[in-house]
Novice: 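I have a structure I would like to understand better, so I am pasting it below and will then ask my questions one at a time.
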Amino acid sequence: MERDVLYIEIDGKNYIIVDKININKIDYLYLSNEIDSTDFIVQKISRENEEEMIVNLDSSDEFDLAMIEFGKKHLNDN
Amino acid sequence: MEKYYRENDEVINIVNKHHDSRYGKIYVESRNNSCMSRKCKLSEVKSKKSNVNVKEVLAVIAVAATVMLAGMGIASATSNNDNTSMYVYDKSSSIDVDHDEFRFVTKTDDNGNRYTEIEGNIIGSDLSDFDIYCLLERIGESKKDYLASKFILYSDSEKTNYYQNFDMLIKSRGYENYDDFITTNSSRAQDMIKKNNDSGVFK
């Protein structure tokens, strides 16, 4: 069944925004490749020159933190 | 878990080999990849109709996350053919009392109620009343932090005097009894009963 989703094109691939989690006052976006759910990206929203940008995480530690919060939120979904 | 850091394109590819292959890959973009160099704007996000099952995607990522975190020692992932059980150890939810570690694990029961399980043994170690008091303080904080409905604390000791102290201290904290803290309705508790069938702790 088709549903409305939000997506952004990266490298010619469409990544669906499947979740947004605020961690330490930063919004993290969890993006999943529309045709390959094992290919997902964690990005964050950063304000640069008064424009909100989707930027990469600064470190693997930040990625770990984002995944911990994601896990805490979703592990018991099913 | 293995991590591969490819310096050229700075993509971190995390591969877990011991889990179901469909959950086996996680990609995380790092600096200087195409998205970063192109400076994606939030305003570039668009809406469309899609057949993507977001709930299923979330589950895939959650499983992948758990596998990854398990490799880091801050989560546990167990699975068999029909059932997968996973939960995250929050680093901040672990305390050390007199060199004994107590881990606070938030779970969801069959009815969807969230609760915090405290992993650790209050008895069988050399915890003093003060140690147990500190543990109770932390339990109180955890109850507030995690909105837990109940706590489960396992014990495998035969030293019931400490258990009685624990009961007293729990009451001093305003709890009526330790029913909220100890349960026998779990396979793990049953296992402990088998191992400690003379302790009487779970009777």
Side-chain angles (χ1 to χ4, degrees), chain A residues 1-20 27 29-49 51-78, chain B residues 3 5 10 12 14 21-36 38-66 68-69 72 74-75 77 84-91 106-109 112 114:
Chain A
M1 187 176 76
E2 285 195 335
R3 292 179 178 167
D4 290 324
V5 296
L6 297 175
Y7 75 101
I8 188 164
E9 184 182 322
I10 299 174
D11 279 350
K13 303 172 190 172
N14 288 340
Y15 284 83
I16 308 291
I17 299 177
V18 295
D19 201 5
K20 181 172 79 171
D27 284 327
L29 298 178
Y30 298 79
L31 313 173
S32 176
N33 186 324
E34 186 175 17
I35 59 175
D36 179 7
S37 61
T38 65
D39 173 13
F40 74 92
I41 303 169
V42 183
Q43 301 274 275
K44 63 181 176 182
I45 298 175
S46 176
R47 180 169 286 277
E48 297 178 9
N49 299 322
E51 179 122 41
E52 287 187 308
M53 311 295 291
I54 298 175
V55 302
N56 300 301
L57 309 191
D58 293 328
S59 65
S60 58
D61 284 345
E62 188 177 19
F63 174 69
D64 293 343
L65 173 66
M67 294 310 291
I68 288 171
E69 294 303 318
F70 186 91
K72 286 164 67 176
K73 180 177 178 181
H74 290 291
L75 280 181
N76 295 309
D77 280 356
N78 295 320
Chain B
K3 288 187 178 182
Y5 297 89
E10 295 200 16
I12 302 170
I14 301 167
S21 59
R22 68 194 172 114
Y23 302 136
K25 289 193 302 182
I26 304 173
Y27 296 104
V28 53
E29 288 201 44
S30 185
R31 279 166 276 189
N32 301 326
N33 59 31
S34 58
C35 181
M36 188 64 179
R38 194 168 62 80
K39 291 283 184 182
C40 297
K41 298 177 182 177
L42 190 60
S43 58
E44 292 179 49
V45 173
K46 301 171 186 172
S47 176
K48 64 180 286 190
K49 296 281 187 184
S50 174
N51 287 318
V52 169
N53 185 331
V54 173
K55 187 176 179 182
E56 189 174 294
V57 170
L58 290 173
V60 168
I61 300 174
V63 170
T66 304
M68 187 196 80
L69 298 175
M72 299 164 59
I74 54 177
T84 299
S85 174
M86 291 154 290
Y87 46 91
V88 170
Y89 298 139
D90 186 336
K91 282 181 176 175
T106 299
K107 296 183 176 181
T108 303
D109 64 20
R114 292 177 72 78

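Remember, it's a predicted structure, so these values are computed and weren't measured experimentally. In what follows, chains carry the letters A, B, and so on, assigned in the order in which the sequence lines appear, proteins first and then strands, with residues in each chain numbered from 1. All values below were derived from every heavy atom in this structure, side-chain atoms included, with hydrogens, water molecules and symmetry-related copies excluded.
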Novice: Run the side chain to side chain donor-acceptor pair (under 3.5 Å) test against A:Asp4 and tell me which residues pass, sequence neighbours left out.
Specialist: B:Lys49
Novice: Report the option among B:Val54, B:Val45, B:Asn53 that has the most heavy-atom pairs separated by less than 4.5 Å from atoms of chain A.
Specialist: B:Val45
Novice: Does any N or O in the side chain of A:Tyr30 come within less than 3.5 Å of the main-chain N or O of B:Leu58, such that one atom is a donor and the other an acceptor?
Specialist: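 Looks like no, no N/O pair under 3.5 Å.
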Novice: If I measure from the heavy atoms of chain B, does A:Ile35 come under 4.5 Å with its side chain, its backbone, both, or neither?
Specialist: neither
Novice: Restricting to salt bridge (charged side-chain N to carboxylate O under 4.0 Å, His left out), what partner residues turn up for B:Lys48, sequence neighbours left out?
Specialist: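 Salt bridge (charged side-chain N to carboxylate O under 4.0 Å, His left out) check on B:Lys48 returns A:Glu34.
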Novice: Quick check: do A:Lys73 and A:Asp19 have side-chain heavy atoms less than 4.5 Å from each other?
Specialist: yes
Novice: Can you tell me which portion of A:Leu6 sits under 4.5 Å from chain B's heavy atoms? Options are side chain, backbone, both or neither.
Specialist: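 Both parts, heavy atoms under 4.5 Å.
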